[in-house]
Amino acid sequence: MLTIEWDDVTIKDFQTTLLNWFDQEGRDLPWRHDHDPYHVWVSEIMLQQTQVQTVIPYYQRFMDWFPTVTALANAPEERLLKAWQGLGYYSRVRNMQRCARQLLADYDGQWPQTAAELTQLTGIGPYTAGAIASIAFNQPVPAVDGNAYRVFSRLLKIDADIAKPQTRKLFEQVIARIIPRERPGDFNQAIMDLGSSYMTARQPDSAHSPVRRFNQAYLDGDELQYPVKTKKPRPKPVAYVAVLARMGEQWLMTQRPSNGMLANLWTVPLIKLDDLDLENPRDFDELRAAITARFKHDSRLDVQVNQLDLRAVTHTFTHQKWTIQLVAATVTPADLAYFAGQSVAPSALAQLPIPKVQAKIFDRAGIEL
DNA sequence: CAAGCGTGGTG
DNA sequence: TCACCAAGCTT
């Protein structure tokens, strides 16, 4: 609607200005030391919804542990998840292994070079395909991420809602007309650097931006109105009980299901309290009564709930807010089967891939990892 | 297509 | 405590 149009002279001017700035001020990042598609790929997956300074140490260690596509394809999944622990969105690394195996099995270990082919690989969507194709293979294709949305929506005053999937096509068309045939990878990376420096979401510094004269929203004084994005609903509250059960010196641990949240990661048994409001139990007796009732659903089960910590652990995910009551329990071998659990020596706990919420539970219980 | 899927930082 | 943001993809 409000979208500004650029003529060919303006486009050329913008390209030159942006690339000159990138040559002078572009960041020296570990994955920019070469254009190896493996390096580009790993960094791009890690950077999805994740900031650069968080990714850097993970990237270094990942390359240490899995230096090649083959090493990644052959790695035990538990090792992959351990390498990813703390990054979140754990399906990313499981999809990476599927992708590595597809490359070896279906592509003879050779990366396809076009965005269209790359999109066929597991875990590589439109953005990552564009990034790999342009950076590693010099293909003049857009890589539309959050930075590109923010930068181009402001430059051109594009008011389409970026929360809607179809809006991506609009941005791809706009950027396709602006991206240079020469140095498309540098162009895409320059847009990202711009979006994380002078053109940030909340505190842009457009007055000092190398492209301020192209930034129509800034010139009009309304850059914070862009990009337009509908809000997401607040996380839904969910109540759990965490069972801290020691068998001798060992702790009872369970592996999460292979689908859904925190897939294949390890936690103590977590019992969801669908029909109970236990976020703020008045006392131990009330909580024990509720938990006992819940456990009675399986008559073989003989859990002795003998202690608890009334200070709940809370953890907020993108769409759920967990409130977790901790109980110490004595369990029998039958309970182990009920929970599909495994007894783990304290020294072995650190080898398991553990999500943040589980680290909080251990911390609250005074258990060192 | 809308919803599901983590974590850390900031105001 | 909360809302929102940060190099998205899958189903």
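Naming: A, B, ... by sequence-line order, numbering from 1 per chain.
Each ring-ring contact (aromatic ring centres under 6.0 Å, His included) pair with one or both residues in residues 133-182 of chain A, not counting sequence neighbours, appears once here: Y149(A)-F171(A). Sorted by first and then second residue, the ring-ring contact (aromatic ring centres under 6.0 Å, His included) pairs with a member in residues 233-271 of chain A read Y240(A)-W322(A); sequence neighbours excluded. Residue pairs that meet the salt bridge (charged side-chain N to carboxylate O under 4.0 Å, His left out) test with at least one member in residues 214-227 of chain A, sequence neighbours left out, are K157(A)-D220(A), K157(A)-D222(A). Residue pairs satisfying the side-chain hydrogen bond (donor to acceptor under 3.5 Å, both in side chains) criterion with at least one member in residues 120-138 of chain A, sequence neighbours excluded, are listed as follows: E44(A)-Y127(A), Q48(A)-T128(A), Q102(A)-T122(A), S134(A)-N188(A).
Residues F66(A) and F62(A) place their aromatic rings such that the two centres sit under 6.0 Å apart.
Taking the P atoms as reference points, dC5(B) lies 23 Å from dA6(C), given to the whole Å.
The pair R168(A)-E172(A) meets the salt-bridge criterion, with a side-chain N (NZ, NE, NH1 or NH2) lying under 4.0 Å from an Asp/Glu carboxylate O.
When DNA chain B is scanned in the 5' to 3' direction for atoms under 4.0 Å from non-hydrogen atoms of chain A, the outermost contacting nucleotides are dC1(B) to dG11(B).
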Tabulated below should be each protein N or O lying under 3.5 Å from an N or O of nucleotides 9-11 of chain C; please produce it.
unit_1: dC9(C); atom_1: OP1; unit_2: G125(A); atom_2: N; d: 3.0
unit_1: dC9(C); atom_1: OP1; unit_2: G125(A); atom_2: O; d: 3.4
unit_1: dC9(C); atom_1: OP1; unit_2: T128(A); atom_2: N; d: 2.9
unit_1: dC9(C); atom_1: OP1; unit_2: T128(A); atom_2: OG1; d: 2.8
unit_1: dC9(C); atom_1: OP2; unit_2: Y127(A); atom_2: N; d: 3.4
unit_1: dT10(C); atom_1: OP1; unit_2: G123(A); atom_2: N; d: 2.5

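Only G260(A), M261(A), L262(A), listed by number, bring a heavy atom of residues 258-268 of chain A to less than 4.0 angstrom from any atom of DNA chain B. Against DNA chain B, the stretch residues 62-90 of chain A makes heavy-atom approaches under 4.0 Å through G86(A), L87(A), G88(A), Y89(A), Y90(A). For DNA chain B, no neighbouring residue in residues 14-39 of chain A is found when judged by any heavy atom under 4.0 Å. Contacts between residues 313-320 of chain A and DNA chain B, defined by a heavy-atom separation under 4.0 Å, are made by H315(A), T316(A), F317(A), T318(A), H319(A), Q320(A).
Counting heavy atoms from C-beta outward, D34(A) and H39(A) have side chains that approach closer than 4.5 Å.
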Could you tabulate the donor-acceptor pairs under 3.5 Å formed by side-chain atoms of residues 191-201 of chain A, not counting sequence neighbours?
unit_1: D193(A); atom_1: OD1; unit_2: R27(A); atom_2: NE; d: 3.3
unit_1: D193(A); atom_1: OD1; unit_2: R27(A); atom_2: NH2; d: 2.7
unit_1: D193(A); atom_1: OD1; unit_2: R32(A); atom_2: NH2; d: 2.8
unit_1: D193(A); atom_1: OD2; unit_2: R27(A); atom_2: N; d: 3.2
unit_1: D193(A); atom_1: OD2; unit_2: R32(A); atom_2: NH1; d: 3.0
unit_1: S196(A); atom_1: OG; unit_2: R27(A); atom_2: NH2; d: 3.2
unit_1: S196(A); atom_1: OG; unit_2: M192(A); atom_2: O; d: 3.1
unit_1: S196(A); atom_1: OG; unit_2: D193(A); atom_2: O; d: 3.3
unit_1: S197(A); atom_1: OG; unit_2: D193(A); atom_2: O; d: 2.7
unit_1: S197(A); atom_1: OG; unit_2: L194(A); atom_2: O; d: 3.4
unit_1: T200(A); atom_1: OG1; unit_2: Q203(A); atom_2: N; d: 3.4
unit_1: T200(A); atom_1: OG1; unit_2: Q203(A); atom_2: O; d: 3.0

Just list the side-chain donor-acceptor pairs under 3.5 Å for residues 353-363 of chain A, sequence neighbours left out, or say none.
unit_1: Q358(A); atom_1: OE1; unit_2: V268(A); atom_2: N; d: 2.9
unit_1: K360(A); atom_1: NZ; unit_2: T314(A); atom_2: O; d: 3.0
unit_1: K360(A); atom_1: NZ; unit_2: H315(A); atom_2: ND1; d: 3.0

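Note on V55(A): nothing from the nucleic acid sits closer than 4.0 angstrom, heavy atoms only. Contact annotation for Q166(A): backbone-only contact, meaning every heavy-atom pair under 4.0 Å involves sugar-phosphate atoms and none involves a base.
Dashed line: the shortest gap from a side-chain N or O of K231(A) to OP1 or OP2 of dC4(C) is under 4.0 Å.
The closest donor-acceptor contact from the side chain of R92(A) to the backbone of M46(A) lies under 3.5 Å.
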